[in-house]
K.L.:
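Have a look at the structure that comes next, please.
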Amino acid sequence: MKDLAGKVAFVTGAASGIGLGVATALAQAGVKVMLCDIEQAALAKAVEGLKLTNADVDGVLADVSLKSELQAAAAAVIARYGKVHIVVNNAGVTGGGGYGAWTDASWNWTIGVNLMAVIWGVEIFGPLMESHGEGGQFVNTASIAGMISGNGGPYNVTKYGVVALSEGLRNELGPRGIRVSVLCPGFIRTQIIDSTRNLPDRFAGVTDASPAAGPAPEALKMIRDRIAGGIDPLYVGELVREGVENDWPYIFTDNEFEPFIEARFARIKEGFDQVRGREPRR
Ligand SMILES: NC(=O)c1ccc[n+]([C@@H]2O[C@H](COP(=O)([O-])OP(=O)(O)OC[C@H]3O[C@@H](n4cnc5c(N)ncnc54)[C@H](O)[C@@H]3O)[C@@H](O)[C@H]2O)c1
């Protein structure tokens with residue numbers, strides 16, 4: 001989507017981290033941005049900060065893991081800006097660890113925010129983008145964890161889901177004038193590791209990625225350190241803007257994990273090699 005100035009974007013998880021970086025980068029290009037988040041004070045601060053730069057932005061509070069709240073947020077975008085062209089389904093949480101640390105609350109919360117909210121975002125905003133005939137763009141935030149899976153925890157499962165959803169929708173929605181990109185960040189300097197700060201009450205019982213329940217303390221410390229020293233979220237926002245302008249199917253932030261993804265593809269190929277030349281019984 002070229003000529004971003006004057007277009008309208010809706011960004012979830014926009015009060016912090018990558019979402020705020022994306023909202024900022026789009027606003028800098030003259031896009032009108034509706035920031036959506038569950039964290040009221042952080043949302044107000046983010047909107048206020050962007051308004052100081054003369055950006056045309058506004059905020060809407062919503063828990064995106066509740067479909068009704070996402071529907072109300074969509075209505076707020078239309079009421080405020082009349083139409084919407086770019087939807088960034090970005091809100092996400094890291095709930096729960098791998099095998100042995102599972103709880104239903106962890107699965108439900110993580111699936112609700114990371115996957116169902118993306119599905120509903122497409123379901124709710126797709127028709128709104130199609131209705132004006134000016135074209136549209138979804139950017140769905142997955143992760144490198146949607147390409148390689150280090151454990152059987154909810155986070156990776158939801159991120160693989162977002163990749164599958166985005167790849168499939170790109171085929172389905174392209175002919176209807178809607179583009180779909182999937183964002184797969186590496187380590188980005190955000191507050192993701194402290195996701196439980198926004199845990200809705202109905203998901204009480206989540207096993208945080210805490211040393212007692214989740215990854216081993218050293219692994220957790222390593223992740224914290226990598227995120228603390230991670231890539232600037234505004235840089236990620238600028239990449240997303242470039243991806244939107246040039247319709248990139250995959251938006252990666254760096255090449256750190258490329259060899260791991262190649263190794264996964266090699267293992268998949270080995271699986272095919274096991275059965276190559278055999279005649280399947282039908
Ligand atoms: N930081 C990283 O290293 C990294 C790497 C790969 C993918 N990601 C993904 O990037 C996305 C953004 O995360 P981030 O790293 O910027 O973290 P962050 O915690 O800084 O920002 C996430 C935002 O989502 C909001 N949010 C959480 N639950 C919500 C809900 N139910 N409804 C609405 N908003 C909600 C939070 O309030 C917060 O503002 C997530 O999908 C995450 O999985 C992050």
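Numbers here are sequence positions counted from 1. Counting starts at 1 for both ligands and their atoms, following the listed order.
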K.L.:
Can you tell me which residue and heavy atom of the protein come closest to atom 5 (C) of ligand 1, and the distance to 0.1 Å?
P.N.:
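For atom 5 (C) of ligand 1, the nearest protein heavy atom comes out as G186 O, 2.9 Å.
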
K.L.:
Report, in ascending order of atom number, the atoms of ligand 1 lying under 4.0 Å from any heavy atom of D63.
P.N.:
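Those of ligand 1 that fall under 4.0 Å from D63 are 30 (C), 31 (N), 32 (N).
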
K.L.:
Which residue and non-hydrogen atom of the protein lie closest to atom 26 (N) of ligand 1, and at what distance in Å?
P.N.:
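So the nearest neighbour among protein heavy atoms is I38 CG2, 3.8 Å.
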
K.L.:
Have Q137 and H85 got a donor and an acceptor in their side chains that come within less than 3.5 Å?
P.N.:
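Their side chains do not contain a donor-acceptor pair, so the 3.5 Å distance test is not met.
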
K.L.:
Counting non-hydrogen protein atoms only, what is the nearest one to atom 24 (O) of ligand 1? Give residue, atom name and distance.
P.N.:
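For this ligand atom, the closest protein heavy atom is G13 CA, 3.3 Å.
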
K.L.:
What's the shortest distance from atom 27 (C) of ligand 1 to any protein heavy atom, and which residue and atom give it?
P.N.:
V93 CG1, 3.8 Å

K.L.:
If you count the atoms of ligand 1 from 1 in the order shown, which ones are under 4.0 Å from a heavy atom of N198?
P.N.:
36 (C), 37 (O)

K.L.:
Report yes or no: do V57 and V139 belong to one cluster of Ile/Leu/Val/Met/Phe/Trp/Tyr joined by side chain heavy-atom distances under 4.5 Å?
P.N.:
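Yes; tracing contacts between hydrophobic side chains, which count when under 4.5 Å, links both residues.
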
K.L.:
Could you tell me the residue and atom name of the protein heavy atom closest to atom 44 (C) of ligand 1, and the distance to it rounded to 0.1 Å?
P.N.:
I18 CD1, 3.7 Å

K.L.:
If we only count N/O pairs under 3.5 Å, is S143 in contact with ligand 1?
P.N.:
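For ligand 1, there is no N or O atom that lies under 3.5 Å from one belonging to S143.
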
K.L.:
Please list the nearest protein heavy atom to atom 19 (O) of ligand 1 with its residue and the distance rounded to 0.1 Å.
P.N.:
R197 NH2, 3.0 Å

K.L.:
Among T12, N90, V88, which one has a heavy atom closest to atom 12 (C) of ligand 1?
P.N.:
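Going through T12, N90, V88 one by one, N90 has the nearest heavy atom to atom 12 (C) of ligand 1.
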
K.L.:
Considering non-hydrogen atoms of the protein only, which is the closest contact for atom 39 (O) of ligand 1, and what is the distance?
P.N.:
D37 OD2, 2.6 Å

K.L.:
Hey, is T141 one of the residues with a heavy atom under 4.0 angstrom from ligand 1?
P.N.:
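Checking ligand 1 against T141, which is what was asked, there is a heavy-atom contact under 4.0 Å.
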
K.L.:
Counting heavy atoms only, which of A142, G92, A145 comes nearest to atom 7 (C) of ligand 1?
P.N.:
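Checking each option, the heavy atom nearest atom 7 (C) of ligand 1 is found in A142.
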
K.L.:
Among protein heavy atoms, which sits nearest to atom 1 (N) of ligand 1, and what does the distance come to when rounded to 0.1 Å?
P.N.:
T190 OG1, 3.0 Å

